[in-house]
Amino acid sequence: RIDGGTGNVFIGATSANTGGFGSVSPQLQVAGSMPQVLLHETDTDKDGYIGISGSVMFIQTADAIPMRFGTSDAERMRIASDGNVGIKNSSPSSLLHLGASSVSGGLGLGIQNDSRFYTINTDSGHLLFKDESAAAERMRLTSGGFLGVGETSPDSLLHVTGTNNSAGDLYTAVGRGNVPSITLQNA
């Protein structure tokens, strides 16, 4: 029914049930033992649903089509028909695929606890591990395959730089007779 005073539409209900939304009065309310809203695209014959079943809210498609989410009229996340999720990536090729429109600094994953904030980020083709709370880069994997721990410009496969008294520098090199070696050098 349509409420003449507010213009609100009620399907399976006679008055507004605001639930946990306080005094907010919904313009469309669908009620029932398993209320659903079906969205049907007639030119492609594809369906999508919004509903509640068994105290679980769901948004899903009935067909093998992706779902996309956006803000400011731009796509920000997509769930592909195979279940892969892309954030800033519209064609995810793995279970979680983070993408960016720029190569430098546009992609990141943040991890935070009560006292520290860490990021895994990209910069000019390198993978960076940072302690943002200390404004310090902790580890870098270069596009050439060199790993720097405490070193932002590794020049060997493993390049470790320490700044405390318990460790010096650790790096790999090709020794005499082209034999790989690991060298520990006190700083």
Side-chain angles (χ1 to χ4, degrees), residues 1-133 135 137-141 143:
R1 84 174 179 87
I2 299 176
D3 184 307
T6 64
N8 293 347
V9 177
F10 301 100
I11 301 172
T14 57
S15 64
N17 177 3
T18 60
F21 293 107
S23 63
V24 175
S25 179
Q27 285 75 40
L28 173 64
Q29 180 175 327
V30 180
S33 62
M34 191 173 119
Q36 296 183 47
V37 175
L38 166 67
L39 305 171
H40 179 76
E41 187 177 57
T42 57
D43 58 336
T44 63
D45 197 33
K46 303 295 183 193
D47 296 325
Y49 298 90
I50 300 171
I52 297 178
S53 177
S55 298
V56 176
M57 170 81 179
F58 63 87
I59 301 171
Q60 67 186 47
T61 66
D63 303 285
I65 57 175
M67 292 177 63
R68 66 182 195 179
F69 303 85
T71 61
S72 300
D73 204 25
E75 183 174 329
R76 306 297 184 193
M77 184 177 82
R78 177 178 292 234
I79 302 173
S81 60
D82 61 2
N84 290 345
V85 175
I87 298 175
K88 293 184 98 176
N89 184 301
S90 61
S91 300
S93 59
S94 57
L95 191 58
L96 177 60
H97 192 148
L98 304 176
S101 57
S102 69
V103 177
S104 180
L107 167 68
L109 175 66
I111 303 167
Q112 184 168 1
N113 63 22
D114 291 339
S115 60
R116 305 303 277 190
F117 179 55
Y118 299 95
T119 61
I120 301 172
N121 213 326
T122 60
D123 184 26
S124 302
H126 307 302
L127 186 60
L128 311 179
F129 298 81
K130 292 183 174 182
D131 178 349
E132 299 291 348
S133 301
E137 181 178 317
R138 301 298 187 197
M139 188 166 59
R140 173 183 293 238
L141 179 61
S143 58

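It should be emphasised that the depicted structure is a prediction, and the values quoted were computed from it without experimental measurement. Computed over heavy atoms, backbone and side chain alike; hydrogens, waters and symmetry mates excluded. Sequence positions, counted from 1, serve as the residue numbers for this chain.
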Original post:
What residues form a side chain to side chain donor-acceptor pair (under 3.5 Å) with Asp131, not counting sequence neighbours?
Top reply: Arg116, Arg138
N/O donor-acceptor pairs under 3.5 Å from side chains in residues 74-84, not counting sequence neighbours:
unit_1 : atom_1 : unit_2 : atom_2 : d
Glu75  : OE1    : Arg78  : NH2    : 2.8
Glu75  : OE2    : Arg78  : NE     : 2.8
Glu75  : OE2    : Arg78  : NH2    : 3.4
Arg76  : NE     : Thr71  : OG1    : 2.9
Arg76  : NH2    : Thr71  : O      : 3.4
Arg78  : NE     : Ser90  : O      : 3.3
Asp82  : OD1    : Asn84  : N      : 3.0
Asp82  : OD2    : Asn84  : ND2    : 3.2

Original post:
Taking only residues two or more places apart in sequence, or in another chain, which ones meet Thr44 in a side chain to side chain donor-acceptor pair (under 3.5 Å)?
Top reply: Glu41
Subject >> Shortest non-hydrogen separation from Ser33 to Pro35 and the atoms involved >> reply: C-CD, 3.8 Å
Original post:
Taking only residues two or more places apart in sequence or in another chain, which ones pass side chain to side chain donor-acceptor pair (under 3.5 Å) with Gln36?
Top reply: none
Subject >> Partners meeting side chain to side chain contact (heavy atoms under 4.5 Å, CB included) with Leu127 (sequence neighbours left out) >> reply: Ile120, Thr122, Phe129, Leu141
Subject >> Value rounded to 0.5 Å, distance of CG in Leu39 from NZ in Lys46 >> reply: 15.0 Å
Original post:
Where is the tightest heavy-atom contact between Asn113 and Ser115, given as atom of each residue plus distance?
Top reply: OD1-N, 2.9 Å
**OP:** Please identify each residue that fulfils side chain to side chain contact (heavy atoms under 4.5 Å, CB included) with Thr119, with sequence neighbours left out.
**Re:** Phe117, Lys130, Glu132
Subject >> More than 12 heavy atoms from other groups under 6.0 Å of CG on Asp43 >> reply: yes
Subject >> Verdict with reasoning, Leu128 to Met139, per side chain to side chain contact (heavy atoms under 4.5 Å, CB included) >> reply: CA-CA 6 Å; Leu128 311 179; Met139 188 166 59; over 6 Å; no
Subject >> Residues, nucleotides or ligands: over 12 heavy atoms within 6.0 Å of Leu95 CG >> reply: no
Would you list the atom pairs, donor with acceptor, under 3.5 Å between side chains in residues 61-70 and any protein atom, with sequence neighbours excluded?
unit_1 : atom_1 : unit_2 : atom_2 : d
Thr61  : OG1    : Asp63  : O      : 2.8
Asp63  : OD2    : Asp47  : N      : 2.8

Original post:
Among all residues two or more places apart in sequence or in another chain, which pass the side chain to side chain donor-acceptor pair (under 3.5 Å) test with Asp73?
Top reply: none
